[in-house]
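Since the structure is predicted, the reported quantities are computational estimates derived from the model, not experimental observations.
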Amino acid sequence: MDQKENKTRAGKYLTFNLAGEEYGLEILRVREIIGMQDITVVPRIPTFIKGVINLRGKVIPVVDLRLKFHFPEVPPSEETCIIVVDVRGVEMGIVVDKVSEVLSIAEADIDDTPSFGVNVETTFILGIGKAGGNVTILLDIARVLTSTEMAHLGAA
């Protein structure tokens, strides 16, 4: 990655917990954080798309990041919430175990994604942030879902 691309990664990130690990999203993509609510199941969509919710009269598709990342499904807790994000002009919710905090991460504190081999897809990871003594996996939420999966969201 070149210097110019590294600079675009510095900034504020909303961090959250998922299956015991810390992840971060660019704060500019986050619209709001809401508590868990009833999700209407939509038939014949991928299992990681939980369905849709009615958010103040707007229908929002909801993705369970645990299932998308192939982690085991767990029942929601009091801390489970939905982060509403903007992905390529589409508002969608992502279910996470717990929201942590907003961190400012400098360019010098973001490492490139390590190589895990040719069969491991990591394009959805912006980099690895090191802040507050912790390691945070920084996600490019626009790349977490493929264009085919985005089409499923549109159908939902």
Side-chain angles (χ1 to χ4, degrees), residues 1-37 39 48-71 73-74 76-116 120-147 149-154 156:
M1 233 175 246
D2 61 26
Q3 267 313 77
K4 184 177 178 228
E5 197 167 340
N6 281 344
K7 288 184 191 235
T8 63
R9 297 184 301 179
K12 292 188 182 296
Y13 290 86
L14 175 68
T15 61
F16 59 90
N17 191 284
L18 192 66
E21 299 297 332
E22 280 296 306
Y23 293 85
L25 292 173
E26 296 167 291
I27 195 74
L28 294 176
R29 299 245 187 221
V30 176
R31 296 294 169 250
E32 62 184 295
I33 302 164
I34 58 176
M36 277 303 290
Q37 46 187 272
I39 298 173
F48 63 86
I49 301 174
K50 298 305 283 183
V52 295
I53 58 171
N54 180 345
L55 185 62
R56 292 182 297 284
K58 188 171 184 179
V59 175
I60 306 284
V62 178
V63 171
D64 188 329
L65 274 190
R66 272 184 162 271
L67 299 180
K68 173 64 181 154
F69 291 165
H70 304 287
F71 295 140
E73 188 169 13
V74 296
S77 73
E78 288 181 10
E79 295 180 315
T80 304
C81 60
I82 299 171
I83 302 172
V84 179
V85 295
D86 183 315
V87 178
R88 300 181 210 132
V90 175
E91 279 193 350
M92 61 180 247
I94 57 171
V95 178
V96 301
D97 294 348
K98 176 176 83 169
V99 169
S100 301
E101 62 184 325
V102 174
L103 288 178
S104 288
I105 304 178
E107 172 189 344
D109 293 329
I110 299 175
D111 287 349
D112 290 340
T113 307
S115 174
F116 295 102
V120 179
E121 177 63 45
T122 60
T123 58
F124 61 91
I125 300 175
L126 279 175
I128 308 297
K130 301 169 292 187
N134 295 322
V135 171
T136 303
I137 299 170
L138 305 177
L139 299 177
D140 180 348
I141 196 64
R143 292 184 174 201
V144 168
L145 298 177
T146 66
S147 54
E149 291 164 346
M150 287 298 291
H152 283 293
L153 285 179

In residues 14-25, what donor-acceptor pairs under 3.5 Å come from side-chain atoms, sequence neighbours left out?
{"from": "Thr15", "atom 1": "OG1", "to": "Glu101", "atom 2": "N", "distance (Å)": "3.2"}
{"from": "Thr15", "atom 1": "OG1", "to": "Glu101", "atom 2": "O", "distance (Å)": "2.9"}
{"from": "Asn17", "atom 1": "OD1", "to": "Gly20", "atom 2": "N", "distance (Å)": "3.2"}
{"from": "Glu22", "atom 1": "OE1", "to": "Ser100", "atom 2": "OG", "distance (Å)": "3.1"}
{"from": "Glu22", "atom 1": "OE2", "to": "Ser100", "atom 2": "OG", "distance (Å)": "3.1"}

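- One finds a salt bridge joining Asp86 and Arg31 here, because a Lys/Arg side-chain nitrogen approaches an Asp/Glu carboxylate oxygen to under 4.0 Å.
- Residues Phe71 and Asp97 fail the side-chain proximity criterion, which asks for heavy atoms closer than 4.5 Å.
- Taking the side chain as every heavy atom from C-beta outward, Leu138 and Ile125 never approach each other to under 4.5 Å.
- The shortest side-chain heavy-atom distance between Met36 and Ile82 falls under the 4.5 Å cut-off.
- The pair Arg56-Glu32 counts as a salt bridge, with a side-chain nitrogen and a carboxylate oxygen less than 4.0 angstrom apart.
- Taking OH of Tyr13 as the start and CD1 of Ile105 as the end, the distance is 6.5 Å to the nearest 0.5 Å.
- With contacts defined as side-chain heavy-atom distances shorter than 4.5 Å, the pair Cys81/Ile34 does not qualify.
- Note that the CD1 atom of Ile94 and the CZ atom of Arg29 stand 11.5 Å from one another [nearest 0.5 Å].
- Rounded to the nearest 0.5 Å, atoms CD1 (Ile53) and CE (Met92) are 11.5 Å apart.
- Inter-residue side-chain proximity for Lys130 and Thr136 is flagged as unmet; no heavy-atom pair is nearer than 4.5 Å.
- Contact of the Val59 side chain with the Asn54 side chain is not registered, since no non-hydrogen atoms from C-beta on lie closer than 4.5 Å.
- The closest donor-acceptor contact from the side chain of Ser77 to the backbone of Glu79 lies under 3.5 Å.
- We find that Arg66 and Glu73 are not joined by a salt bridge, their nearest charged nitrogen and carboxylate oxygen being 4.0 Å or further apart.
- Annotation: the span from Arg88 atom CZ to Ile141 atom CD1 amounts to 10.0 Å, rounded to 0.5 Å.
- By the 4.5 Å heavy-atom criterion applied to side chains, Ile49 and Val62 are not counted as neighbours.
- Looking at heavy atoms from C-beta onward, Val95 lies out of side-chain contact with Leu65 at the 4.5 angstrom threshold.
- Checked against the 6.0 Å centroid criterion, the rings of Phe124 and Phe69 qualify as a close aromatic pair.
- For the pair Asp112 and Arg9, the salt-bridge criterion is met [side-chain N within less than 4.0 Å of a carboxylate O].
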Kindly indicate, with the supporting measurements, whether the criterion side chain to side chain contact (heavy atoms under 4.5 Å, CB included) is fulfilled by Val96 and Ile83.
-> CA-CA 7 Å; Val96 301; Ile83 302 172; 3.9 Å; yes
